[in-house]
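Heads up, the thing below is written out as structure tokens.
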Amino acid sequence: MVAGLLLAGCGDPLVERQLIVDTRVLAVKVVPTAEPEQAQARPGEVVSAEALVAPEAPAGWALQACVVEPTTSGLLRCRTSLARERGQGVPRLDWTMPEGEGLRVGLVGLVCDEAVDDIRAAWPNWTCRGGKANPFSFELNTSESHRHPVIGDGALRLDGEVWNDPSPCVAPGSTHSIVWTASDAELEVVDEEREQWLVSHFVTAGELERPFSTATVDDRVVELQWVAPMDERDTTFYLVVRDQRGGVAWLTRSLCSEREEP
Amino acid sequence: MPPRLLHQPDLRLEEDGTASRYVELEITVGPSGRATDASLVDPSGDALESRALEAVDELRFSPARRDGEPIAVRIRYRVVFHPMKVVAPEPAPPTPAVELEEVLPPVASELDALLEDESYTATAEVERPAREVTRHSLDAEELQRVPGTRGDPVRAIEVLPGVGRTGFGDGAPRLRGSAPFDSMVLIDDDPVPSLYHFGGLTSVVQPGLLQRVDLYPGNFSARYGRRGGGVVSATLRDPKSDGFHGMVDLNAIDASVRAEGPLAEGVAVVVGARRSLLDLYFGAFVPEDTYALIAAPVYYDYQALLRADLGDDHVLRVSAIGSHDSLELFFDEPPDDAPSISGGTSARQAFYRGRVSLDSQLSPAWKQHFSVSYGVIDQLFNIGGTASEALDHRINGRLEWMGPLASNLRVSFGGDFLGQIVHGTYSGERPPQTEGDPTIGSPDNGKVEVDDLYALMQPAAFVELRYRPTPGLLLQPGLRLDYYSQLARVSVDPRLVARWTVVDGTVLKGGLGLYSQPPVYWESATGLGNEDLDVSRALHSSLGIEQALPGRTSVHIEGFYKHIFDRVVATDGGVAPFFINDGAGRIFGTELGVRARPLDGMSIYLAYTMSRSERSDRGAPFRLFDEDQTHNLSTAFGYHWDNGWGVGARFRLVSGNPQTPVVGSVFNANVAGYTPIFGGINSVRASLFHQLDLNAEKKWSFESWSLTAYASVLNVYNHQAEEGRQYSYDYRESQVVTGLPLFPSLGIRGEL
């Protein structure tokens, strides 16, 4: 136990988590089509799932919604399939939630750099045709009524200015501050306390100081420092907010780094 | 006036003949006239030695006196063994046939000289006769000098066969391939939650207060139960009664003090305390931006013991010991590789215990031991989404009688008791099985919250016979019955030990016995586990030989096989009832131990254990145990000159622990983390562990006090031992986590 404590947080990460260099799933969001602000999926509802994939929509994907059962491995295991599709572009899947009390419902999937190869085996043993396979899963919250987090218009600032598209251009190697402020009103009450949001942030280039932050009612401001890449290129910034109860929100912003004309 | 012998036991050689033989001992004759603290003057491993030591309990003296007052003295005895039947022409010796020959200095002036010599009045090692197939006893004073232990005798058990290497940051004993929790740690016969402070560098009792550490790696006595592994038993020494003494020790890790002396006639007390100094410089070793605020690891411990002689036949001991460890770390933001850890992490482990014991001589041959203790164990663990806290009130009791039923048959019987009232809270993932589950820490194991108040009683009764059909053969059958109130079950554990002195210096030994162990708390707790669990059981068997060799050398070779059945494992899928008795285990191996003192001041230890420890879960094929160490070689050398200088070295070579490889990963979008996909459980190994430790000391002795300066270097050549593997956030890359680097330590100790 103590060794774990001493080692926790020690040592440099082998790979910078916040830097996106190849295809990766960053988040999954499931919404009832009739009530998209809700994070709970109730029996009989039609729900729609979408995965946020960076740095661009994948060339191939496969998704399956199913009733899941627990395993000792920590991985979801499908017991009954509810829907299954494969495709290209942004991964999306719609299905109707099964009737029945206490059923656990999950979404399992795979994104590929090229195309999906074979999904006849049980997930996560699906394969891609060339490139890296990126299996992912998401278990729906079926028991707790609550809203998805809201990121808020104008809540994200770059160097003190509201950061909206179209994005600005910055000098290569320059240092910038990125600030996002959570809305006090959006932090719901859970067990008589205000919920805590887990905020993850990523870039496709440059150096972002860390991959995770937290937002609480006492500290709603997430402050980050980002150093632009040294070469001239476009960068995408991703912000994902989780309420850790199945509620998710995200936004992306892009900006360019280019030298000023002499 | 010197002590005078009043009573001696009846002992004989096992063979007929004309020649007598003897064993020379040093013993302390107390004011009551009882003999204690026996040690061999020149141990050779001869089988007669253990018989001579056994006889000490039954000696009775008229005590030595100074100015008419009875006093304790340290003297030498020669225990003489006559032949079973004298075949020589001369008449048989008068009754009693076997004599204890006193070899006290003949004149009072020489005795006085001995009394004034501190080395003769200090408490010394007690080498009790073996009750088990294998008992390794450590002379605390000598083993404070074993390199690599920082002068800690408890750590010195690592140079003994059957003891596995403990991991960095840990210190729980790994005995003969058993899991840490399967073995019991005792201080004065009472279980304590841990043997070491955080980090495993230091035991929870300061070294100078230990009289002895006994290690029973398997086939232990019916006196002990509730565990299926082994026993490490530390015994506190009595306070010195020959004057006031003090000690101050300061080194890079901690500082300690001790004071002791007589309070009244027949009453003496010792008190000691220690505090870590790590917090003074811990921050220098932590990356600056890792933590926002650090409360460095802090530990302290304290001990107090009073001994009072109540007349001639009763000794009362009252003791209090305590230990406290705490650690707190606070993160600015969630660590990169553990997004679920937010806010910080903290841990606390403490125990406090008071104990009263009464040892009574009911008759010249019968003894009674009674002890009762009350203590509290306070534990807190908080990391990320997992938080647990428990306050565990415990009462331990023991009542035991020992004495002869016939000239060749002794019995010990009695009972012990454990009562617990625990209030605990737990919030976090559903606890996995204690071993063989690489998904420990997985965010997908399900969350539970428990607030529980429970009480349990575990009374036990035991009986053990020591039967010598011939003087060279000892048969020791035992039986233990345990009741577990939380399970409403009884276990019955028969045990048998045999020792046969084939010829002088050669002992064959063997043992077979059943050992029962209740589940750990959460495995049978309401809401966390299965209330209908049964105890798990282990069958211990061993066969070995002890051989005395010239040069004060003894060799011990022993083979063992242990089978575990009804082992508690998680259910498939982790579904209710969460835990079941559907696991098994098997452990087999061979131990070699050599202890030698070829020269005065020189000690050599060599231990090699080759073993294999395997487990099976829910009927699956056997796999390696998490901490299987196929090869474990440990050797230590120490030499101390008469001028106060001493040096030592220890070297260890141990198989790397098994590891479960990660063959892939899945992004868990609920928690923004990756879940590893594992290959075969424990199907690969960490690299070989090896480490050299050195120490040196110089002691200056003055008229009434001494000063010792000491230095030790752990991991002299800075081997980067593989203690684990750290993975990238998505488990696609990994690097080795290394253990303790080169670790020098300096200290100074003054003793009065």
Side-chain angles (χ1 to χ4, degrees), chain A residues 1-18 24-29 51-52 69-77 106-109 123-125 132-141 196 198-200 209-214 216 222 240 242 244-246 248, chain B residues 167-170 198-200 286-287 290-291 297 325 327 329 331 333-343 345 347 381 383 432 437 439 442-446 570-575 664-672 675-678 723-724 726-730 732-735 737:
Chain A
M1 177 184 79
V2 177
L5 291 177
L6 294 175
L7 293 173
C10 294
D12 296 326
L14 291 157
V15 182
E16 283 204 342
R17 189 181 194 127
Q18 60 271 39
R24 200 196 309 180
V25 178
L26 300 183
V28 172
K29 184 174 184 178
L52 171 64
E69 58 188 10
T71 66
T72 50
S73 67
L75 301 174
L76 296 184
R77 181 163 62 199
L107 180 77
V108 298
W123 180 90
N125 298 316
K132 190 178 72 171
N134 297 277
F136 63 97
S137 68
F138 179 78
E139 184 170 352
L140 281 64
N141 186 333
Q196 176 176 292
L198 176 66
V199 184
S200 45
E209 65 177 293
R210 62 178 186 271
F212 293 107
S213 303
T214 53
T216 67
V222 173
V240 179
R242 289 177 172 84
Q244 305 183 81
R245 296 183 290 154
V248 182
Chain B
F168 172 68
D170 192 358
F198 282 173
V286 177
T290 303
Y291 306 108
D325 286 66
L327 169 68
L329 308 173
F331 300 100
E333 300 292 349
D336 293 358
D337 52 354
S340 62
I341 300 176
S342 57
T345 179
F381 179 66
I383 181 166
D437 183 355
T439 67
S442 163
D444 303 334
N445 279 359
T571 54
D572 191 16
V575 298
S665 66
V666 169
F667 178 66
N668 180 334
N670 291 83
V671 296
T675 302
I677 299 173
F678 293 100
E723 298 289 0
Q726 181 184 29
Y727 289 89
S728 62
Y729 70 90
D730 58 358
R732 292 176 193 269
E733 297 179 40
S734 69
Q735 65 185 14
V737 174

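Order of the sequence lines fixes the chain letters, A, B, ..., with proteins taken first and strands second; residue numbering starts at 1 for each chain. Just so it is clear, the values below take in all heavy atoms, side chains as well, and ignore hydrogens, waters and symmetry mates.
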B:Asn668 side, atom CG; A:Phe136 side, atom CZ - distance, nearest 0.5 Å: 11.5 Å

Bottom line for A:Lys29: the part with an atom under 4.5 Å from chain B's heavy atoms is neither

Toward chain B, the part of A:Ala51 with a non-hydrogen atom under 4.5 Å: neither

Side chain, backbone, both or neither of A:Leu107 within contact of chain B (heavy atoms, under 4.5 Å): neither

Closest contact, heavy atoms only, B:Arg732 versus A:Asn134: NH2-OD1, 3.4 Å

Chain B contact via A:Arg24 - side chain, backbone, both or neither, heavy atoms under 4.5 Å: side chain

To check you understand the geometry: which heavy-atom pair defines the closest contact between B:Ala672 and A:Arg17, and what is its length? O-NH2, 2.8 Å

For A:Pro124, side chain to side chain contact (heavy atoms under 4.5 Å, CB included) partners two or more places apart: A:Leu75, A:Pro135, B:Val666, B:Ile677

